[in-house]
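Only one structure is covered here, and it is reproduced in the block below.
For ligands, and for the atoms within them, numbers begin at 1 and follow the listed sequence. Both backbone and side-chain heavy atoms feed into the values below; hydrogens, waters and symmetry mates do not.
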Amino acid sequence: MANKADIIIIGGGIIGSSIAYHLLHDGFGGRVIIFEKDGLYEFASTPRSAGGFRQLYTTVINMQLSKYSLQIYKDFSKAMAIDGEEVEIDFKQRGYLFLAMEEMMPNFERHLNLQNENGINSQLLQKNDLLNIIPELKIEDLSGGLYCAESGYLDPYSVMQGYIKNAKRLGADYIYDEVDSLITNQDQIKGVRMADGQEYFAPIVVNCAGAWASILSEKAGLPLPVVPLPRQIFQFDIEKPLKKYLPLTMDPTGVYFRHEGEKFISGYAEEIAPGIDFKWRRSAFEENIWPVLANRIPNFENAKIERGWSGLYDFNTEDHNAILGEYPTMKGYFVAFGFSGHGMQQAPAVGKCLSELICTGKYDTLDLTPLRVERFAEKQLIIEDAIY
Ligand SMILES: Cc1cc2nc3c(=O)[nH]c(=O)nc-3n(C[C@H](O)[C@H](O)[C@H](O)COP(=O)(O)OP(=O)(O)OC[C@H]3O[C@@H](n4cnc5c(N)ncnc54)[C@H](O)[C@@H]3O)c2cc1C
């Protein structure tokens with residue numbers, strides 16, 4: 001029976017591991033196997049993420065996912081402790097700040113109202129208020145900003161490890177091997193075939209393979225509009241320290257920056273062709289990021305780049321949001337990918353809710369049906385204005 005399970009999860013990143021953990025934590029008694037092809041998580045998106053968590057969204061579903069997940073992250077270290085040893089996730093509630101030019105303010109005001117109606121403590125800041133948060137900020141071209149003090153950033157790798165260790169503790173079986181393809185029989189999923197030809201069987205297969213997930217799905221004739229999209233991050237240092245720690249700050253140009261320890265990281269939404277590419281380019285920092293940073297905070301003028309990396313978004317080309325639930329034409333085949341740039345912060349809610357859907361056939365904690373697979377055919381896209 002070694003090749004039989006009740007649930008197979010493809011991909012042991014933050015999403016697959018959160019689902020595995022929640023299934024077992026919430027009482028699922030069957031065998032759960034997680035296949036992970038990259039045991040060191042060298043290329044997985046989770047450890048390459050910027051670690052930002054925010055609630056400044058413009059759709060109710062994203063606000064709900066982030067709000068729920070933030071409550072979990074607040075208590076994550078203690079709640080996930082094993083044998084008294086806490087999981088240190090470097091949780092920093094230093095705020096999330098979108099800077100605004102004059103023409104952006106009416107939209108931000110609209111977003112603020114919707115966020116406040118949904119229990120999110122965001123504030124619309126006027127130009128001079130920005131200096132209370134970042135005293136060195138150059139504000140001449142700005143009119144204000146949208147700010148949420150509760151948000152911030154954390155260490156995604158440690159969160160992922162917290163879920164992995166706890167899923168294993170509860171009996172999840174991690175097998176470090178590559179899934180080659182899905183095994184199906186007409187409209188029922190049957191299992192997976194490994195790269196070496198071995199087969200594993202289960203009535204439920206959950207595809208959490210991140211940037212590789214749509215390729216696997218497409219191979220089985222079950223397409224979804226998701227592509228791997230490279231995104232770079234750069235770490236730099238400066239000579240003259242800032243007076244305060246930064247919130248995760250989004251410039252109107254789309255360049256974001258935050259503290260990383262006593263140093264800084266920054267990135268931007270580069271226009272680049274989809275594909276699997278892990279190269280990072282110093283020139284991208286010099287040409288596209290540094291001019292913005294230097295213009296915004298004088299201390300950044302002599303930014304010294306120390307390192308960079310590139311990771312992959314599982315980029316949903318239709319509406320840039322997660323795709324969650326059972327594939328309508330394939331019984332037992334569940335998907336959880338397409339998160340684009342905001343999957344890390346949604347992992348706690350997604351794990352909890354997908355576990356409910358898989359076990360009971362319906363959502364209980366949050367209704368995630370707006371993110372269903374069928375929304376593309378039904379033209380019910382979830383259009384989020386605040387996505388980068
Ligand atoms: C540069 C960058 C910055 C980001 N910043 C943020 C941010 O600030 N905030 C935020 O919330 N999100 C951010 N994200 C997005 C976030 O990282 C992802 O949404 C999230 O990590 C997705 O988790 P995952 O588990 O689905 O994917 P992954 O972490 O990639 O895990 C998927 C796993 O599946 C495995 N796998 C794939 N194919 C197979 C196969 N065939 N067989 C077996 N295993 C397989 C992979 O090896 C991988 O480990 C960022 C992403 C990038 C790249």
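- Under the 4.0 Å criterion applied to side-chain N and carboxylate O atoms, Glu326 and Lys331 are not assigned as salt-bridge partners.
- The ring of Phe339 has its center no closer than 6.0 angstrom to the ring center of Tyr313.
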Exercise. Given the rule in the ring pair (Phe, Tyr, Trp, His ring centres under 6.0 Å) test, do Tyr163 and Phe76 qualify, once you have shown the distances and angles that lead to the verdict?
Worked result: CA-CA 10 Å; Tyr163 278 130; Phe76 195 87; 5.1 Å; yes
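- Contacts of Ser266 classified as side chain to side chain donor-acceptor pair (under 3.5 Å), with partners at least two apart in sequence or in another chain: none.
- Checked against side chain to side chain donor-acceptor pair (under 3.5 Å), Ser143 has no partners two or more places apart in sequence or in another chain.
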Pairs under 3.5 angstrom, nitrogen or oxygen on both sides, ligand 1 versus protein: list them out, please.
residue	atom	partner	partner atom	Å
ligand 1	5 (N)	Ser49	OG	3.4
ligand 1	5 (N)	Ala50	N	3.0
ligand 1	8 (O)	Gly51	N	3.4
ligand 1	8 (O)	Gly52	N	2.8
ligand 1	9 (N)	Gly52	O	2.9
ligand 1	9 (N)	Gln345	NE2	3.4
ligand 1	11 (O)	Met344	N	3.2
ligand 1	11 (O)	Gln345	N	2.8
ligand 1	11 (O)	Gln345	NE2	2.8
ligand 1	12 (N)	Gly341	O	3.0
ligand 1	17 (O)	Ser45	O	3.4
ligand 1	19 (O)	Gly343	N	3.0
ligand 1	21 (O)	Thr46	N	3.3
ligand 1	21 (O)	Thr46	OG1	2.9
ligand 1	23 (O)	Thr46	OG1	3.4
ligand 1	25 (O)	Ile14	N	3.1
ligand 1	25 (O)	Ile15	N	3.0
ligand 1	29 (O)	Ser45	N	3.4
ligand 1	29 (O)	Thr46	N	3.0
ligand 1	29 (O)	Thr46	OG1	2.5
ligand 1	30 (O)	Ser45	N	2.8
ligand 1	30 (O)	Ser45	OG	3.4
ligand 1	41 (N)	Val179	O	2.9
ligand 1	42 (N)	Val179	N	2.9
ligand 1	44 (N)	Lys37	N	3.1
ligand 1	47 (O)	Glu36	OE2	2.6
ligand 1	49 (O)	Glu36	OE1	2.7
ligand 1	49 (O)	Glu36	OE2	3.0

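- By the salt bridge (Lys or Arg N to Asp or Glu O under 4.0 Å) test, Arg372 is found to be paired with Glu378, residues two or more places apart in sequence or in another chain being considered.
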